[in-house]
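Atom set for the values below is all heavy atoms of this structure, side chains included, hydrogens, waters and symmetry mates excluded. Per chain, numbering begins at 1; letters A, B, ... match sequence-line order.
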Amino acid sequence: MSRRRGRVATIVAATGLVVSFAGWGWFVSEQGREGWWSLGQHVAITPDDQGRAVVDSLSVRLTGAATVSEVEEEPAPAGFSYLVLDFEVSAEDSTEASTCDVQVRDDRGRLFQAGQEVPYADPYLPWLTCGSADHTEDPVPSHQSMLVLVPDDTGLVSVRVDAREFPPATFIELPLPPDEDAGP
Amino acid sequence: MSGSTSEGAQDRTGSTSEGAQDRTGTSEGSQDRSSSTSEQSQGRRAGEGVHVRRGRWAAAAMLAAAVAAGAAANAIDANFLASGWHTVQRGEEASDITVDNFQVHVHGAATSTQLEDLEVVTSPGAFVVVDLSYATTDAWDTPEEVVLIDEAGREFSEPSGFGSAGRVWPAGPDIWSRGSLLFEVPADVGDLALELRPQTPDARLPSRVLRVPLTVRTNSEPLTLERPSVLAEGDR
């Protein structure tokens, strides 16, 4: 009887210790877990049959993607090209001015950011205009273009559009056609 | 009759006596059982004692484990978390070194008392300009901080009041950029090392920093700063 009581007490104490450590670990990692989820890209919104991807009041369609070796006589560094991206954007129901970051993902998981180390030239913008507070005075352009510096020797897979205003962990992923990601 | 009685009595006596002896025998059996029960009882008490001792040892071990875990957490908090829990990775000049998501190549460093920053400015100590290239492994990113550290452990970060050149810049995945970083140090500074900290220190997460001892050449002319530029594929 005493032996059994001793075993039960030991099991209860050990279980309590393990549960306490697990609870402590869960508690202290709460902020990290929430940050990892809400700030990361985990839920991809893909385009519908018409090629439009919709998040809240924003609708984006990729209308063109082609690489060029120079823009306005400014050549890309040796071994690199500029990827020209054309978008059709609709955000008529948006109520706040906002911008979206655009990245291009390759087959090695690398993300190349639009607007970084590219020539300043019309009509290219470093980011997408995704919303407006005044659609009469400052409408969201329906056609927008961007430049992305990409290596020549890589396979480009998709275009990612993301913004802080998107629901947590959500981003838009627009596949790149295989015949349009070839080098110049 | 009497004989028979006597015999009977004797018999009875004998019988009685035997019975008594039997009972005595029973008494001896009782003593045997009594001593056996006593031994069993002592055995049980001994067994219980062993279990009680085991239980006490288990409780003591768990208590010690809890105290040790608390002490370890306290030691980690005091020694690592207060200043960021990081591991120092050693590197050397003129080689590619990967730390976290950054690839770094330190070309060298130069020092002078003067700096060309639109106009020539003179330091009460010395300016140090570090020539380096870096890229990332995953996405566009900027190092959180780059500092110089001397032999005494003193840290020198980016000075304020100078132009935009000489500060950390963003770099892309396998897109190497080369530029220069500006520091200002006291005249009595000894050997210097460059420390690159890729990410914002988070007290709850371990991180790595890169430390590269510098070969610093002395310039008689004012130092100049190079704006970062993307290098051709394969260049450093």
- prompt: Is there a donor-acceptor pair closer than 3.5 Å between any side-chain N or O of A:Ser132 and the backbone N or O of A:Ala97?
  reply: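 Not a single qualifying donor-acceptor pair exists.
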Let me know if [X] has heavy atoms under 4.5 Å from chain B in its side chain, its backbone, both or neither.
X        : result
A:Arg7   : neither
A:Ala9   : neither
A:Asp106 : neither
A:Ala76  : neither

Exercise: identify the closest heavy-atom pair between A:Phe171 and A:Gln41: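 Nearest pair, atom of A:Phe171 first, then A:Gln41: CD2-CB, 3.4 Å.
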Distance-minimising heavy-atom pair for A:Thr129 and A:Val89: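 Closest heavy-atom pair between A:Thr129 and A:Val89: O-CG1, 3.8 Å.
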- prompt: Quick one: are the ring centres of A:Phe80 and A:Phe112 less than 6.0 Å apart?
  reply: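 Between A:Phe112 and A:Phe80, which both carry aromatic rings, the centre distance is not below 6.0 Å.
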With a 4.5 angstrom heavy-atom cut-off, is it the side chain or the backbone of [X] that approaches chain A, or both, or neither?
X        : answer
B:Ile175 : both
B:Asp235 : neither
B:Thr137 : backbone

field: Side-chain heavy atoms of B:Gln199 within contact of B:Asn101, under 4.5 Å
entry: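 Yes, at least one pair of side-chain atoms sits under 4.5 Å.
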- prompt: Just wondering, more than 12 heavy atoms not from B:Glu92 lying within 6.0 Å of its CD?
  reply: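 Not more than 12 within 6.0 Å, no.
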